[in-house]
Amino acid sequence: DGGITQSPKYLFRKEGQNVTLSCEQNLNHDAMYWYRQDPGQGLRLIYYSQIVNDFQKGDIAEGYSVSREKKESFPLTVTSAQKNPTAFYLCASSRLEGYEQYFGPGTRLTVT
Amino acid sequence: SQQGEEDPQALSIQEGENATMNCSYKTSINNLQWYRQNSGRGLVHLILIRSNEREKHSGRLRVTLDTSKKSSSLLITASRAADTASYFCATDAYDMRFGAGTRLTVKP
């Protein structure tokens with residue numbers, strides 16, 4: 001069963017704690033992405049990676065960090081430096097530039 | 001940065017009617033894609049149209065692209081209640097930009 005998975009679906013954290021969101025794909029895609037979506041809003045790009053061990057900042061990278069040690073995995077860490085971390089986080093992957101992106105089901109993070 | 005901007009923000013129609021959503025963008029593109037999102041879910045790719053294409057069909061979906069006006073439209077014909085969702089356009093690739101979407105409600 002090919003696809004992209006995110007875990008957990010819901011995540012609750014206290015302010016000041018770092019938290020890591022998981023994203024795994026078995027589609028053999030080179031590129032992976034992280035987006036943030038706030039209620040009633042579109043997606044904003046946090047980070048993307050075109051190849052293992054390389055990644056680029058998107059529009060709202062401050063307060064976030066990523067790693068790409070394996071082709072299949074692209075975890076996102078929301079650090080305590082992120083001022084408003086409560087949001088819906090979406091991970092996606094694609095074959096190459098210009099191809100469609102496949103999205104995971106998302107992780108809803110609530111920080112109190 | 002490039003960004004698709006959808007219009008209208010919200011659209012409410014009756015089942016069986018057609019729904020048209022528009023997307024405008026700011027700079028030259030290689031392709032434009034349309035995605036659908038059901039509430040609280042991930043996005044699902046609907047259709048991709050390349051900059052050298054003017055129109056593309058997929059089932060009940062019809063997408064047009066006018067690069068001179070930097071705009072695209074998505075037409076859903078004979079809409080169904082199950083089409084109720086948010087629809088987003090996105091321009092280009094690795095640093096793809098999404099607009100805020102059109103929230104479509106199809107009433108049975």
Side-chain angles (χ1 to χ4, degrees), chain A residues 3-10 21 23-25 27 29-51 54-61 68 74 87-110, chain B residues 1-11 21-26 28-53 56 58 61 63 65 74 85-105:
Chain A
I4 181 164
T5 58
Q6 292 184 244
S7 62
K9 188 169 183 176
Y10 298 96
L21 282 59
C23 178
E24 304 276 333
Q25 54 98 0
L27 300 166
H29 286 169
D30 288 305
M32 296 187 74
Y33 316 80
W34 274 106
Y35 296 92
R36 170 185 172 135
Q37 186 177 34
D38 293 287
Q41 303 295 312
L43 279 66
R44 290 186 289 169
L45 182 64
I46 304 172
Y47 270 99
Y48 65 98
S49 167
Q50 300 173 22
I51 196 169
D54 189 40
F55 45 82
Q56 285 75 42
K57 293 182 180 180
D59 293 331
I60 55 166
R68 187 86 187 275
F74 191 40
F88 188 49
Y89 290 88
L90 287 160
C91 179
S93 69
S94 69
R95 283 173 57 193
L96 291 167
E97 183 175 3
Y99 284 82
E100 65 185 89
Q101 292 190 8
Y102 289 76
F103 282 80
T107 291
R108 191 167 299 278
L109 173 65
T110 302
Chain B
S1 58
Q2 303 172 24
Q3 183 174 31
E5 296 182 4
E6 295 87 352
D7 171 65
Q9 289 186 333
L11 180 60
M21 289 157 267
N22 302 297
C23 170
S24 60
Y25 56 92
K26 296 175 182 174
S28 297
I29 60 171
N30 295 316
N31 65 64
L32 186 141
Q33 302 181 39
W34 283 93
Y35 289 80
R36 165 196 168 121
Q37 183 182 34
N38 287 80
S39 182
R41 304 284 186 91
L43 277 68
V44 175
H45 182 263
L46 294 176
I47 198 163
L48 180 154
I49 186 165
R50 301 204 179 275
S51 59
N52 61 353
E53 297 175 309
K56 203 161 182 180
S58 176
L61 306 180
V63 168
L65 179 64
L74 170 67
S86 290
Y87 292 83
F88 297 88
C89 67
T91 54
D92 272 5
Y94 285 128
D95 58 349
M96 190 179 292
R97 298 291 191 267
F98 289 82
T102 292
R103 288 187 301 282
L104 173 66
T105 302

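Chain identifiers are assigned alphabetically (A, B, ...) following the order of the sequence lines, protein sequences preceding nucleic acid strands; residue numbering begins at 1 within each chain. Below, all heavy atoms of this structure are taken into account, side chains as well, without hydrogens, waters or symmetry copies.
Nearest heavy atoms, Leu43(B) versus Phe103(A): O-CB, 3.3 Å.
In this structure, Gln9(B) places its CD atom where only 12 or fewer heavy-atom neighbours from other residues, nucleotides or ligands lie under 6.0 Å away. When the shell of 6.0 Å around OH of Tyr102(A) is examined, it contains 12 or fewer heavy atoms from other residues, nucleotides or ligands.
Using a 4.5 Å cut-off between heavy atoms, Arg108(A) touches chain B through its side chain atoms alone. Using a 4.5 Å cut-off between heavy atoms, Glu6(B) makes no contact with chain A at all.
Under the 3.5 Å distance criterion, with hydrogens and angles disregarded, a donor-acceptor pair is assigned to the side chains of Gln37(A) and Gln37(B).
Inter-residue side-chain proximity for Tyr35(B) and Glu100(A) is flagged as met; some heavy-atom pair is nearer than 4.5 Å.
Within the model, atoms CD of Gln33(B) and OH of Tyr99(A) stand 11.5 Å from one another, a figure rounded to the nearest 0.5 Å.
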